[in-house]
There are 2 protein chains.
Amino acid sequence: MKEVSKPDSQQKSLSGVKEIAKRANVSIATVDRVIHNRSGVSEKTKARINKIIEELDYLPNLMASRLALGKVTRLAAIIPQVTEESEFWHAPLNGLKRAEKEIRQFGVRIDPMLFDPSSRSSFSAVAKAAMESDYDGVILAPSFVEESKHVLEKCQQRGIPFVFLDSNIPDQSNLTYIGPPYFQSGYVAANLISRLLRNSRKLLVVNIATESDSFNYLQIENGFRKYFRENSLPSEITRIDIRDTEYESVARYLTYVFMFHAEIEAVFVTNSQVSTVASFLYNSQRRHVSVIGYDYTPENIRYLKNGTIDFLICHQAEDQGYRAAMSLYQHLVLGQQVPKEHFMPIDIITRENHEYYRN
Amino acid sequence: MKEVSKPDSQQKSLSGVKEIAKRANVSIATVDRVIHNRSGVSEKTKARINKIIEELDYLPNLMASRLALGKVTRLAAIIPQVTEESEFWHAPLNGLKRAEKEIRQFGVRIDPMLFDPSSRSSFSAVAKAAMESDYDGVILAPSFVEESKHVLEKCQQRGIPFVFLDSNIPDQSNLTYIGPPYFQSGYVAANLISRLLRNSRKLLVVNIATESDSFNYLQIENGFRKYFRENSLPSEITRIDIRDTEYESVARYLTYVFMFHAEIEAVFVTNSQVSTVASFLYNSQRRHVSVIGYDYTPENIRYLKNGTIDFLICHQAEDQGYRAAMSLYQHLVLGQQVPKEHFMPIDIITRENHEYYRN
DNA sequence: CTGAAAGCGCTTACAG
DNA sequence: CTGAAAGCGCTTACAG
């Protein structure tokens, strides 16, 4: 297998393409063609070159490649804007920015395109704008399912890869899903809440959301119920839906519920709106009621710190944004394989450990 | 402020150094000298160039720079080898490998240099070897304090930056510390265990370790005790030290302890040896005793799954290795500022959420 | 104190 | 189907 090296003026092993070119007795242009599977190379030389690439275990120098290409890869991130009720999205946006900082040296740019999460039409408008601007990759929080499918069809047609962030639409040809394992997350919530039940074993599940379609909370609730079923825990679960995030509305609903179910010991809020519920309980002197909810938002942390909220479950929101961007980078720039789903861990945050949590 | 652009043949804005050179009426070599603060430039032109750099908000192209330099940056990672009793180190090693994969395209290489964590002399030998090989940066798990100080003195003399991994030595001129906030971690452990106490409120703290100096467990215990003090919880804390990690020895000790303290309700093991204790409790049919300990090792997960261990506290061991390497990369290659300490989050792992944990 | 020129490894018109 | 040459932005001897 050892080859006899021709007496060369320079013993120094040439680098990548040059070395390959020399060994194959072709020019580096031809080598380049083979490496990138471009047409215009005879099968014979192609095979020869590929064999040498194998032998040399050649990996192209990414820096040199990007430098020569001088190409800019543009990613659109279609996610909710940060408002009082969507504080959650602060973190993924930061993650996207962190990713951009890291990969902009490779010519990757990320444009956040923010929509109003309580408005279907706003989503459509933003998505349309994104499609018109011809991005190389798309990151999408598919809050509105039908509207999302529209966008994604276009992406598919044009061969633009897209990734789902924080919420999934099954059976789409997305590059990957970056987000929580919602079902199991609800299961964890149930386990935590069951640790807090004492006497009546009555608990309340609250879903607070406006317009979005996102069925995350359904999965959460399924996981939640599964836990109680599996462990055959004698508990009474009341469940309410509130289609309004305003404090006044929520308080009205809850007052009503507690009127009829005064013995409720614990409340599970299926999303980041938990601070509104905590606020109600705090204001109405119901300090004995345990509370579990989602996400590391300033308001939630406030009520975690003052003891109203017992546990927050978090899914590393910042990292979700970061990884969504990095997945596209891996795919588009590095040409690497990306796993079809990347589930975030289910983190349990308490008053004691929240200080060191990196959301 | 607007400058009148001279009528140029090419309107195209030149890139980085060239553009600066043109504006300053010097060659790019001079610009390069200024950028890197190398000597041999008159104060006058230096000032002129610096001003232009400011104006242009110039950031050097890292890819081009590394490509031209062709330099390899070598990092030594002096950490414990992975044995049955130091399974923990599997994860940081993986993190180091992940980091290398990411930054080897910038010419960074990482050599793991593994020592036997139960042997002071092994540590010394490995550290010595590392010093002889003249690395550009050092990652160190300072299991043995005095011996570590030796190494670090040499690093300082030669201006080689070093970072502490998983355990800290205060007052050293380390670039950064990557590891858990041990004190607060003990505090969290106390909170968790207090949730598990029922009647006797007697609990046992066990430290199992062989030769290493690492005083992590002292901090952990301090945090642990602080919690009980602060919350004035009426509890009886027994504490034992076992200087041997073998199952037989541990079992002997524990048998003895439980003889005199049969009412112990919960055990807190201050490190990853918790599976040994869990094994003892499991084997001796003490399934009612709650157990808390550290780290996501296969053995620990086994006992978490079968319900013997109630909580594992983990500090993202894989990420610790990754971040240690990335800190040196940021410092040596990117010339960026690195925070003096990077504390890992205190993660609470249960039977319900362990499956999605990324250690 | 300063500059012209070659080179890092890859890519891309362009010419054949 | 193939190659020579220029260029990406930065660095580095070398010469002055």
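Below, chains carry the letters A, B, ... as their sequence lines are ordered, and counting in each starts from 1.
- Here CZ of Arg38(A) is found 10.0 Å from OG1 of Thr30(A). Values are rounded to the nearest 0.5 Å.
- Inspection of the Glu102(A) and Tyr322(A) side chains reveals an N or O donor paired with an N or O acceptor under 3.5 Å.
- The line from CG of Leu96(B) to CD of Glu318(B) is 9.0 Å long, rounded to the nearest 0.5 Å.
- If you take CZ of Phe106(A) and C1' of dC8(D), they are 15 Å apart, rounded to a whole angstrom.
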Based on Watson-Crick and G-U pairs with both distances under 3.5 Å, what dot-bracket line describes DNA chain D 5' to 3', crossing pairs as [ ] and inter-strand pairs as |? |||.||||||||.|||
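- Across all their heavy atoms, Ile178(A) and Gln320(A) have their closest contact at CG2-O, 3.6 Å.
- Mapping Gly70(B) and Arg48(B) onto DNA chain C by nearest heavy atom places Arg48(B) closer to the 5' end of the strand.
- If you check dC10(C), dC14(D), dA5(C) against the side chain of Ile28(B), the one that comes closest is dA5(C).
- Between dC1(C) and Ser39(B), no contact under 4.0 Å exists linking OP1 or OP2 to a side-chain N or O.
- Considering only side-chain atoms of Ala29(B), the nucleotide from dC10(C), dT2(D), dA13(D) that sits closest is dA13(D).
- Atoms CD1 and CG, on Ile169(B) and Leu152(B) in that order, are 6.0 Å from each other to the nearest 0.5 Å.
- Residue-to-nucleotide proximity on DNA chain C shows that, of Val26(B) and Arg38(A), the 5′-proximal contact is made by Val26(B).
- Put simply, Lys44(B) has no side-chain N or O that comes within less than 4.0 Å of OP1 or OP2 on dC1(C).
- Contacts of residues 61-69 of chain A with DNA chain D (heavy atom under 4.0 Å): Leu67(A), Ala68(A).
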Which donor-acceptor pairs under 3.5 Å do side chains of residues 125-141 of chain B form with protein atoms, sequence neighbours excluded?
unit_1    : atom_1 : unit_2    : atom_2 : d
Ser133(B) : OG     : Arg74(B)  : NH2    : 3.1
Tyr135(B) : OH     : Asp111(B) : OD2    : 2.6
Asp136(B) : OD2    : Arg74(B)  : N      : 2.7

Take Phe164(B) and Tyr177(B) through the test ring pair (Phe, Tyr, Trp, His ring centres under 6.0 Å) and record every step on the way to the result. CA-CA 5 Å; Phe164(B) 288 137; Tyr177(B) 162 64; 7.6 Å; no
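- For Thr30(A), no side-chain nitrogen or oxygen approaches OP1 or OP2 of dC1(D) to under 4.0 Å.
- Annotation: cation-pi geometry not satisfied between Arg66(B) and Phe106(B) (NZ/CZ under 6.0 angstrom from ring centroid, within 45° of ring axis).
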